[in-house]
Amino acid sequence: MANIQRAKGMQDVLPEDRNYWDWIIQTAADLARRYGFRRIDVPIIEYTDLFARGMGTASDVFVQKEMYTIAEPDGSSITLRPEYTAGLVRAYIQNGMGSWPQPVKLFTFGPIFRRERPQAGRYRQHSQFDVEILGETDPAADLEIMMLAMNLYRSLGYKGLTFQLNSTGCPVCKPAYINALKAFLADHGDKLAPIDKERLAKNPLRVLDSKEKGMDDLLADAPHIADHLCEDCESHFADLRDLLDALDQSYSINFRLVRGIDYYTKTVFEVWAEGIGAQAAVCGGGRYDGLAEAIGGPSVPGVGFGSGIERIVLGLKEQGIEPPQPDAPTVMVAHFGGVTKTAAVKLAFQLRQAGIGTRLAFARTRRSLKSQMREANKHAIHTVIILGESEVEEGMAAVRPLDGGEQVRIPLAKLVEWLSETRD
RNA sequence: GCGGGUAUGGUGUAGGGGUUAACACGUCUGGUUGUGGCCCAGAAGAUCGUGGGUUCAAAUCCCACUACUCGCCCCA
């Protein structure tokens, strides 16, 4: 058995769990369409270059290790997508969506791949629901993205939801802020943990994300990005907050909320839910006005979010929320082999044709009715139709309700009508 | 990449050197001719993760490896 197992970090989604998935995806798609988003699907594989440019060079070495990259015989390099946004922006540019009515609002679902060490709620293949608005700078677009995310979790029944909101500035104002932050941290270098000193050197913004002891107090006095925003970012952020207020939507300004990649500009946000442990964030997103240019295209502003389905499922389970059960057959046809089996097979398909979900008993030889009844009971069947020799001879069916009630004989010709009137 | 934990039938567990590895759930069959759930009886199903070592004897002790899992780093 030891050698028959799924690859590391991969997951089987068993039928029981799949109920959560279907429900989540259905809910999300309905919601997105109500907001005017349309579904798109892009390939799982893109040229490696697209992701390399999209991510920026800061985390290049690291990124290389986490991506599933394949060298093709023709010398090109392709990669299993580690995120959605770059591929969607590529599709926007390549398909000339710049000349569609703007903005273009898209959503999608599917797997993304990162070679990380697996952990609770984090796998090497995981699926995301991803939503983007491309070609729009209005803060109301940011609002729409945020509210779509929030309302998705609300629709699913999540409790204890909060918005964490911040602005990360833009290429005009961000560098000056980073310098101010660096200077501040350098002044307090003796108070930094080794890990934070490393972050300070590599990616100063990440120090804000530090969970080291004493950092809460220290960072309280650190410069806030909000005080360093340029005029454009400042007004964008103010407008967004006004709109949230207009909707009576509460949120927390979290100046320590930062996102890893370079391409984020202005708005960054996360939705947090209570009760799912260390991974409080069920989704993260933001604005990325510089991404399209970074990958070598025209300037196209964008804002969006991605949310991991596995993590949503985890949260639902921890909050004790169960998905609706999908329809399963409630009618079963039992028989005793031979001519009765032939009759049963014909009947089962007639019922299905008529829209009645039907389970057919299988049996290579004569099989006891007891075992067929037991089978019915295990599958929540509420009506067993028994076709024995005498029934077949007379063109009748013995209809046995399992939820109480008398067994009756119904002419086969009237069975569909009888079932739809009486049993559903 | 770094650290912790765990590995026994399909699942969850018990057993801690000595003849047929136990229990529960699940699965299957039967409990008089063609009737479920409860109950009863029975059956199938494990070379005790892999490889080595100690021993007369290893599921049990030792070592290594692998896998799984939790956390750290990092997170698109």
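Since the structure is predicted, the reported quantities are computational estimates derived from the model, not experimental observations. Numbered from 1 within each chain, the chains take letters A, B, ... in sequence-line order.
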Atom [atom1], compared across [N] and [M]: separation rounded to whole Å:
N: B:U50; M: B:U11; atom1: C1'; value: 23 Å
N: B:C74; M: B:G17; atom1: C1'; value: 47 Å
N: B:G51; M: B:G12; atom1: P; value: 23 Å
N: B:C25; M: B:A44; atom1: C1'; value: 16 Å
N: B:G52; M: B:A59; atom1: P; value: 13 Å
N: B:G26; M: B:A41; atom1: P; value: 15 Å
N: B:A43; M: B:A24; atom1: P; value: 13 Å
N: B:A21; M: B:A58; atom1: P; value: 15 Å

Sidechain-backbone polar pair: A:Tyr84 side chain, A:Gly110 backbone, donor-acceptor under 3.5 Å: yes
A:Thr358 side chain to A:Ile356 main-chain N or O, any donor-acceptor pair under 3.5 Å? yes
Using a distance-only criterion (donor-acceptor N/O pair, under 3.5 Å, no hydrogens), is the base of [N] paired with the side chain of [X]?
X: A:Ser390; N: B:G34; value: yes
X: A:Arg206; N: B:C73; value: no
X: A:Arg374; N: B:G31; value: yes
X: A:Glu391; N: B:G34; value: yes

Identify whether any heavy atom of [X] sits under 4.0 Å from a base atom; if not, whether one sits that close to sugar-phosphate; answer base, sugar-phosphate or nothing.
X: A:Arg81; answer: nothing
X: A:Arg367; answer: nothing
X: A:Thr85; answer: nothing
X: A:Ile112; answer: nothing
X: A:Gln372; answer: nothing
X: A:Glu375; answer: nothing

Using a cut-off of strictly less than 4.0 Å, decide whether A:Lys370 has a side-chain nitrogen or oxygen near OP1 or OP2 of B:C28.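 No, no such contact exists.
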Would you say [Y] and [X] are linked by a side-chain donor-acceptor pair, where the criterion is simply a distance under 3.5 Å?
X: A:Thr85; Y: A:Glu132; value: yes
X: A:Arg374; Y: A:Asn377; value: no
X: A:Trp100; Y: A:Gln102; value: no

Closest-nucleotide 5' rank along RNA chain B - winner of A:Ile381 and A:Glu83: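 That would be A:Ile381.
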Here's a test of your reading of the structure: between A:Leu387 and A:Gln128, which maps to the more 5' nucleotide of RNA chain B? A:Leu387
To the nearest Å, give me how far apart [atom1] ([X]) and [atom2] ([N]) are.
X: A:Glu116; N: B:C2; atom1: CD; atom2: C1'; result: 15 Å
X: A:Met373; N: B:G31; atom1: CE; atom2: P; result: 15 Å
X: A:Leu257; N: B:C75; atom1: CG; atom2: P; result: 13 Å

Given B:U35, B:C73, B:G30, which nucleotide is nearest the side-chain atoms of A:Arg400? B:U35
Tell me which nucleotide among B:C73, B:A67, B:G71 gets nearest to the side chain of A:Arg199. B:C73
Does A:Glu389 pair with A:Arg366 as a salt bridge, N-O distance under 4.0 Å? yes
Taking the cut-offs as 6.0 angstrom to the six-membered ring centre and 45 degrees off its axis, would you call A:Lys266 and A:Phe237 a cation-pi pair? no
Kindly confirm or rule out a cation-pi arrangement of A:Arg81 over A:Phe51, judged by NZ or CZ under 6.0 Å from the six-membered ring centre and within 45° of its axis?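 Negative - A:Arg81 is either too far from the ring of A:Phe51 or too far off its axis.
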Secondary-structure string, 5' to 3', Watson-Crick or G-U under 3.5 Å, | for another-strand partners, for RNA chain B: (((((((..((((....[...)))).(((((.......))))).....(((((..]....))))))))))))....
A:Met146 and A:Glu144: side-chain contact (heavy atoms from CB on, under 4.5 Å), yes or no, with the steps? CA-CA 5 Å; A:Met146 290 176 65; A:Glu144 241 182 48; over 6 Å; no
